[in-house]
Amino acid sequence: MSVGRDCRVTSDGYAEALRAGIAATGLNVLDVGVCATPLVYYSLFAWELDGGIQITGSHNPPEYNGFKMLLNGRSVFGTEIQALGRRAAEGDWSEGLGSITDTDVSDAYVDRLVDDFAGQGYRVGWDAGNGAAGVVIDRLIARLPGEHHAIHTEVDGTFPAHHPDPTVEANLADLKDLVAREKLDFGIAFDGDADRIGAVDSKGRVIWGDQLLIILAEPVLKEQPGATIIADVKASQTLFDRIADMGGTPLMWKTGHSLIKSKMKETGAPLAGEMSGHIFFKHRWYGFDDALYAAVRLIEAVAQSGKSLTEIMDEMPKSTATPEMRFPVDESRKFAVVAEVLHRLSSNGARVDSTDGARVMTDDGWWLLRASNTQDVLVARAEAGDDGGLNRLMAQIDEQLSLSGVERTEGVGH
């Protein structure tokens with residue numbers, strides 16, 4: 001079993017306790033040190049391991065931390081985690097004498113990232129956000145053609161430059177400045193454990209997760225016509241329509257990297273993505289979310305398009321949409337609020353997709369309200385054909401929140 005950790009100040013302590021505990025059950029531990037979460041995922045395939053755990057708080061504030069667990073090539077989540085908690089509370093575990101070995105898979109991982117690269121050289125900016133991407137980013141860009149400028153590569157779990165969440169536009173300010181100052185073709189950013197990608201074009205426009213998926217899907221669908229492409233319920237309707245136009249089979253699914261990966265296995269989808277910047281390649285990769293690999297494939301996709309990334313963005317289908325909005329709510333209420341909204345909507349004949357929360361279709365467009373998997377917030381988005389329609393959709397969100405006693409706080413979101 002491999003064990004890795006991000007650079008948060010609490011990660012070393014958790015890692016020491018975790019690897020000792022695993023070894024005490026008789027399992028052998030390969031400690032891969034401070035690294036990106038995708039590197040732990042990769043180690044399972046490279047070394048044919050039974051399982052792995054990454055200690056990380058991902059995109060959350062520095063004081064957060066936790067475990068991402070894999071067993072037999074799949075994520076451990078939901079009821080399995082609850083069952084594990086019950087076993088731990090009961091002291092129901094095996095005992096033995098396993099070994100602990102410090103090892104390094106990072107060079108092999110970088111080799112694999114560029115192994116079949118089929119792109120060309122661009123002038124690219126990279127923002128590691130003081131997160132775990134900084135462990136390998138310099139080695140990666142040294143292997144890619146073109147001119148590369150990297151910032152915030154110093155690994156620091158206090159994240160002094162900015163919060164490591166590229167889905168919040170304010171956190172991309174340094175990357176935008178770098179792209180503008182150096183007149184770069186585009187820029188790429190990562191979250192704290194490098195399983196979420198963010199990007200900006202040469203004009204500084206943010207390329208959101210669903211737009212990235214449109215760009216990345218085109219070369220995949222040229223190789224696999226009709227393939228299923230999965231996106232989460234927060235994604236734009238434009239994405240699902242565009243996938244269909246390119247000859248693919250769009251599938252809307254629940255938000256959450258573990259849920260998306262499970263659906264990919266079930267459907268055989270070669271590609272999936274989330275608005276949060278998780279991109280999952282099974283096509284030429286292993287089916288896990290890896291922002292560093294997604295960055296390599298983005299460079300490829302732009303090259304294969306025959307256009308600049310800025311030209312691709314200029315041609316991107318236009319709609320009027322909100323960013324992802326987050327409304328604080330007590331943890332005990334967040335799922336209850338969504339249930340109340342669904343009950344009210346079902347009573348008035350609304351067109352609702354309840355795959356994950358409530359995604360409501362109207363003549364103006366659609367709006368979504370769902371409970372976050374990782375934070376004590378409700379998440380909302382809306383998309384319409386024009387500003388008037390968007391205002392009407394937001395009024396519906398406000399009404400439903402108000403009926404459940406939740407106030408929409410201005411300025412929450414990216």
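This one's a predicted model, so the numbers in the text were calculated from it and none came from an experiment. Throughout, residue positions are numbered sequentially from 1 according to the sequence presented.
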- Query: Hey, mind stepping through Y109 and R112 against side-chain contact (heavy atoms from CB on, under 4.5 Å) and telling me if it holds?
  - Reply: CA-CA 5 Å; Y109 171 66; R112 183 64 183 87; 5.6 Å; no
- Item | Derivation and outcome, side-chain contact (heavy atoms from CB on, under 4.5 Å), residues V9 and T158 | CA-CA 7 Å; V9 295; T158 66; 4.3 Å; yes
- Message: Go through it in stages, so that I can follow the logic: the residues are V3 and V32, the test is side-chain contact (heavy atoms from CB on, under 4.5 Å), and I'd like the CA-CA distance, side-chain angles, deciding distance and then a yes or no.
- Response: CA-CA 6 Å; V3 171; V32 296; over 6 Å; no
- Task: Check step by step if side-chain hydrogen bond (donor to acceptor under 3.5 Å, both in side chains) holds for N373 and T255.
- Result: CA-CA 8 Å; N373 294 325; T255 295; over 6 Å; no
- Message: Between T249 and T228, does the side-chain hydrogen bond (donor to acceptor under 3.5 Å, both in side chains) criterion hold? Intermediate values first, please.
- Response: CA-CA 4 Å; T249 303; T228 297; 4.6 Å; no
- Verify side-chain hydrogen bond (donor to acceptor under 3.5 Å, both in side chains) between S262 and R74, making sure each step is shown before the conclusion. CA-CA 8 Å; S262 295; R74 61 176 183 80; over 6 Å; no
- Message: Using salt bridge (charged side-chain N to carboxylate O under 4.0 Å, His left out), reason through R143 and D111 one step at a time and then give a plain yes or no.
- Response: CA-CA 9 Å; R143 302 281 299 276; D111 287 345; 2.7 Å; yes
- Message: Could you walk me through whether T167 and D165 satisfy the side-chain hydrogen bond (donor to acceptor under 3.5 Å, both in side chains) test, starting with their C-alpha distance in whole Å, then the side-chain angles of each, then the deciding distance to 0.1 Å, before giving a yes or no?
- Response: CA-CA 6 Å; T167 67; D165 182 354; 2.7 Å; yes
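Relative to the six-membered ring of F190, R196 misses at least one condition, a distance below 6.0 Å or an angle of at most 45° to the axis. Relative to the ring axis of Y41, K261 places its NZ or CZ within 45° and under 6.0 Å from the centre.
When every heavy atom of G119 is checked against every heavy atom of A303, the shortest pair comes out as CA-CB, 4.0 Å. When all heavy atoms of P250 and I243 are compared, the pair lying nearest together is N-CG2, 3.8 Å. Here the shortest heavy-atom pairing between L345 and A358 reads CD1-CB, 4.2 Å. In terms of heavy atoms, G157 sits closest to P62 at O-CB, 3.7 Å. Considering every non-hydrogen atom in both I260 and A272, the closest pair reads CG2-CB, 3.6 Å. The two atoms that bring F327 and A380 nearest to each other are CE1-CB, 3.6 Å, heavy atoms only.
With hydrogens and angles ignored, the 3.5 Å screen pairs a side-chain donor or acceptor of S346 with a backbone N or O of H343. Judged purely by atom type and a 3.5 angstrom limit, Q54 uses its side chain to pair as donor or acceptor with the backbone of R5. Listed for the N171 side chain is no donor-acceptor partner under 3.5 Å among the backbone atoms of P164. A donor-acceptor pair under 3.5 Å is absent between the side-chain atoms of D193 and the main chain of T56, judged by distance alone. Between the side chain of D241 and the main chain of T238, no donor-acceptor pair closer than 3.5 Å is present. Looking only at distances, a side-chain donor or acceptor of K334 sits under 3.5 Å from a matching main-chain atom of Q375. Although no hydrogens or angles enter the test, the distance criterion places a donor-acceptor pair under 3.5 Å between the side chain of S305 and the main chain of K307. At distances below 3.5 Å, at least one donor-acceptor pair connects side-chain atoms of H278 with backbone N or O atoms of D195. A donor-acceptor pair is defined here as one N or O able to donate and one able to accept, closer than 3.5 Å; no such pair exists between the side chain of S402 and the backbone of E399. No donor-acceptor pair under 3.5 Å is formed between the side chain of K176 and the backbone N or O of V200.
Salt-bridge check for D386 with K318: failed, with every basic side-chain N at 4.0 Å or more from each acidic carboxylate O. With respect to R205 and D314, a salt bridge is recorded, a charged nitrogen being found less than 4.0 Å from a carboxylate O. The pair R359-D353 does not count as a salt bridge, with every side-chain nitrogen at least 4.0 angstrom from each carboxylate oxygen. Using a 4.0 Å cut-off between charged side-chain N and carboxylate O, R8 and D6 make a salt bridge. Using a cut-off of 4.0 Å between Lys/Arg side-chain N and Asp/Glu carboxylate O, K263 and E266 are scored as salt-bridged. At a threshold of 4.0 Å, the pair R123-D185 does not count as salt-bridged, since none of the basic side-chain nitrogens sits closer than that to a carboxylate oxygen. Between D232 and K254, no side-chain nitrogen of the basic residue sits less than 4.0 Å from a carboxylate oxygen of the acidic one, so the salt-bridge criterion is not met. Classification of R284 and E300 as a salt-bridged pair holds, one side-chain N sitting under 4.0 Å from a carboxylate O.
Using a 4.5 Å heavy-atom threshold, the side chains of N28 and M1 count as separate. At a threshold of 4.5 Å between non-hydrogen side-chain atoms, the residues I207 and I215 count as touching. Looking at R351 and V360, their side chains never come closer than 4.5 Å, going by heavy atoms from C-beta outward. Side-chain contact between S106 and L39 is present, with at least one heavy-atom pair separated by less than 4.5 Å. Within the 4.5 Å cutoff, the side chain of I81 has heavy atoms near those of the V76 side chain. Here the side chains of I214 and M316 are in contact, with some heavy-atom distance below 4.5 Å. H257 has its side chain within reach of F280: a pair of non-hydrogen atoms, C-beta onward, lies under 4.5 Å apart. The shortest distance between side-chain heavy atoms of L178 and D127 does not fall below 4.5 Å.
With rounding to the nearest 0.5 angstrom, the CE atom of M69 is 11.5 Å from the CD1 atom of I55. Going from atom CG of L212 over to atom CD1 of I188 covers 9.0 Å, rounded to the nearest 0.5 Å. Note: W253 CH2 to D356 CG = 9.0 Å, rounded to the nearest 0.5 Å. Summarising the geometry, atom OG belonging to S236 is positioned 6.5 Å from atom CH2 belonging to W366; distances are rounded to the nearest 0.5 Å. Between the CD atom of E218 and the CG atom of L271 there is a distance of 12.5 Å, given to the nearest 0.5 Å. Annotation: the span from L298 atom CG to I312 atom CD1 amounts to 8.0 Å, rounded to 0.5 Å.
Residue D363 qualifies as open at atom CG: its count of foreign heavy atoms under 6.0 Å is 12 or below. Around the CG atom of D245, the shell of radius 6.0 Å holds more than 12 heavy atoms that belong to other residues, nucleotides or ligands. The local environment of CD in E63 is crowded, with over 12 non-hydrogen atoms from other residues, nucleotides or ligands closer than 6.0 Å. Counting non-hydrogen atoms of neighbouring residues, nucleotides and ligands closer than 6.0 angstrom, the CD atom of E16 reaches no more than 12 such neighbours.
Checked options R242, K234, R381; the residue passing with D210 is R381 (criterion: salt bridge (charged side-chain N to carboxylate O under 4.0 Å, His left out)).
For the 3.5 Å distance criterion, the side chains of H148 and W126 qualify, holding a donor opposite an acceptor.
Checked against the 6.0 Å centroid criterion, the rings of F281 and Y293 qualify as a close aromatic pair. The ring of F186 has its center closer than 6.0 angstrom to the ring center of Y122. Ring to ring, H59 and H163 are not that close: their centroids are 6.0 angstrom or more apart.
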